[in-house]
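Here the structure is laid out as structure tokens; the discussion comes afterwards.
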Amino acid sequence: MLAAGAACGSDDPTEPIQTANCPAASGATPPNALTVLGCGNFKPKRTTAEISVRGTTAYTTTWGNAASAGSVFYIWDVAGNTPLLVDSVNVEGARTLGDIAVSDDGGYLFVATEQTGALAVYSLANPRQPALVTRYSSAEILPGVHTAEIARVNGKLYGFLAIDPGASPAKLVIVDLGNPASPQPVFSQFIGSPYVHDTFVRDGILFLALWNAGMAIWDIGGGGKGGTPAAPVELGRVQTANGEVHNIWWFKDPATGSAKYAFIGEEGPANIGVSALGDIHVVDVSNMASPREVAFYTVSGAGTHNFSMDEANGILYAAYYNGGVRALDVRGDLEGCTAAQKTAPRNQAVAICDLSKMGRELAVGLKDRADPVYVWGVQFLGGSVYASDMLNGIWKLRAASR
């Protein structure tokens, strides 16, 4: 297709496109399965990565593209059960696109790029035809932006960029997006071992996924310690079982008011399309100065990746690579369990609460299919769960119920 920001059009009209049928299930559907509504199964030449959905439009990025082809993100119509491929946008000079996120006001789309190191900003005046506004790049964010959390702090939009280590240590760069056409860096710090992989921001609190350095919690405007995005103040940190802290979700329950638990995804060794390893770790953050791991969830022979939540119903959705999509009931007490409900996490000696033994698994989606799946990301929205599958494209499933 044309360069980023030009009129939309097919990236490669010779790519086989099949959006009418999903790969068939093998055997009967178990009673606790997430119902598949449809899939945009276009078997692309490119590997699907992250997903972002707003309204009836979804955006998916691509991973590990050939240098000669550049990177592409896809635009989908998800109004019906079957996601329909609408268009694609080429992002030149990048081999991999990581996070893709829509601003909370729906006005802008942000795409993280690697190898060239940039944050591409698009106007969504027409959500199905993103128009390039700027491609922010600097020496600070080379060699690449691996993840980019977009969040508002005290009314102003910021980008929290996890920068690949390259020849120097990894770093976190925070940029002021008050004017999305002109991002301004306000903070930079080398951090993580060996990566800072991702961030989660809520109510002026920044959670940092620091891989083998654990999870750190910073005040950037809501922690009562005087922190700001330009001058964060650390509140606390924790080392979870086995490290490899990849992603985080801090749950604030609108039904009970509880904000006790943060969920941490551990990304262990993986072989794309075949295997993965890594658990979900539950951390009690009621005392942010002294967070502690209290429970975990594990899937034998599979590893977790990214999360989304139906917070109104207290349901966590986790992409589980070769293990499909997992829906967990995370409302209430997650650390008050019996001895029979405890297990020692992998490589650990001390047993803690095991969410599976506590009956917290509500449903599983995209498991035991005739065609294998490898689910990168999920998003809950409006009673549906959307999943990006590295092997097949995009799926739409009916959300779980309690």
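Position 1 is the first residue of the sequence; numbering continues from there. When reading the values below, keep in mind they use all heavy atoms of this one structure, side chains included, and skip hydrogens, waters and symmetry mates. Worth saying up front: this structure is predicted, and the values here are computed from it rather than measured.
Side chains of Tyr321 and Met390 form a contact here, defined as non-hydrogen atoms less than 4.5 Å apart. Taking 4.5 Å as the limit, some side-chain heavy atom of Phe110 sits within range of a side-chain heavy atom of Leu157. Two residues are said to be in side-chain contact when any heavy atoms from C-beta on lie closer than 4.5 Å; Lys342 and Val350 fail this criterion. No side-chain heavy atom of Pro83 sits under 4.5 Å from any side-chain heavy atom of Tyr386. Using a 4.5 Å heavy-atom threshold, the side chains of Val72 and Asn65 count as separate. Leu172 has its side chain within reach of Leu206: a pair of non-hydrogen atoms, C-beta onward, lies under 4.5 Å apart. By the 4.5 Å heavy-atom criterion applied to side chains, Val285 and Met215 are counted as neighbours. The side-chain heavy atoms of Leu235 and Ile205, taken from C-beta on, include a pair separated by under 4.5 Å.
Going from atom CD of Glu244 over to atom CG of Leu277 covers 7.5 Å, rounded to the nearest 0.5 Å. A distance of 10.5 Å separates CD1 of Ile352 from CZ of Arg292, quoted to the nearest 0.5 Å. The distance from atom CG of Leu119 to atom OH of Tyr136, rounded to the nearest 0.5 Å, is 9.0 Å. For the atom pair CH2 of Trp211 and CD of Glu266, the computed distance is 9.0 Å after rounding to the nearest 0.5 Å. Rounded to the nearest 0.5 Å, atoms NZ (Lys252) and OG (Ser258) are 10.0 Å apart. Interatomic distance, OG1 of Thr62 versus CZ of Arg95, reported as 11.5 Å (0.5 Å rounding).
Pairing each heavy atom of Leu161 with each of Val145, the nearest pair is CB-CG1, 4.1 Å. Closest non-hydrogen pair, Thr61 versus Gly98, comes out as OG1-O, 3.0 Å. In this structure, Thr304 and Ala319 approach most closely via the heavy-atom pair OG1-O, 3.1 Å. Across all their heavy atoms, Pro127 and Tyr59 have their closest contact at O-OH, 2.6 Å. Looking at every heavy atom in both residues, Val245 comes nearest to Ala209 through O-CB, 3.5 Å. Pairing each heavy atom of Ala213 with each of Gln239, the nearest pair is C-OE1, 3.6 Å.
Ring geometry for His246 against His305 counts as tilted: the plane angle lies between 30° and 60°, on a 0 to 90° scale. Between His146 and His197, the ring planes are perpendicular. Angles over 60° get that label, and only those under 30° would be called parallel.
Residues Gln115 and Thr113 have side chains that never bring a donor and an acceptor to within less than 3.5 angstrom of each other. Asn247 and Asp198 share no side-chain donor-acceptor pair at under 3.5 Å.
Residue pairs meeting the side-chain hydrogen bond (donor to acceptor under 3.5 Å, both in side chains) criterion with at least one partner in residues 168-180, sequence neighbours excluded, are Lys156-Asp176.
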Next item on the list: Show the numbers, then the answer: is there a salt bridge (charged side-chain N to carboxylate O under 4.0 Å, His left out) between Glu361 and Arg326?
Entry: CA-CA 7 Å; Glu361 183 182 278; Arg326 305 288 164 143; 3.6 Å; yes
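The backbone N or O of Val78 lies less than 3.5 Å from a partner atom in the side chain of Lys396, making a donor-acceptor pair. At least one donor-acceptor pair closer than 3.5 Å links the side chain of Glu293 to the backbone N or O of Ala241. A donor-acceptor contact shorter than 3.5 Å is absent between the side chain of Thr298 and the backbone of Gly278. Under a 3.5 Å cut-off, the side chain of Tyr261 and the backbone N or O of Leu334 do form a donor-acceptor pair. Between the Tyr374 side chain and the Ser275 main chain, a donor and an acceptor come within less than 3.5 Å of each other. In this structure, Asn271 contributes its side chain and Val274 its backbone to no donor-acceptor pair below 3.5 Å.
The one candidate from Asn306, Thr48, Ile272 that meets the side chain to side chain contact (heavy atoms under 4.5 Å, CB included) condition with Trp376 is Asn306. Tested against Leu397 for a side chain to side chain contact (heavy atoms under 4.5 Å, CB included), the candidates Val378, Leu37, Leu366 yield a single pass: Leu366.
Heavy atoms from other residues, nucleotides or ligands lying under 6.0 Å from CH2 of Trp249 number more than 12. Counting heavy atoms of neighbouring residues, nucleotides and ligands inside a 6.0 Å radius, atom CZ of Phe263 exceeds 12 of them. Sparse packing is recorded around CZ of Arg398, with 12 or fewer heavy atoms of other residues, nucleotides or ligands lying under 6.0 Å away.
Salt bridge absent: Asp87 and Arg128 never bring a charged side-chain N and a carboxylate O closer than 4.0 Å.
Ring to ring, Phe73 and Tyr122 are close: their centroids are under 6.0 angstrom apart.
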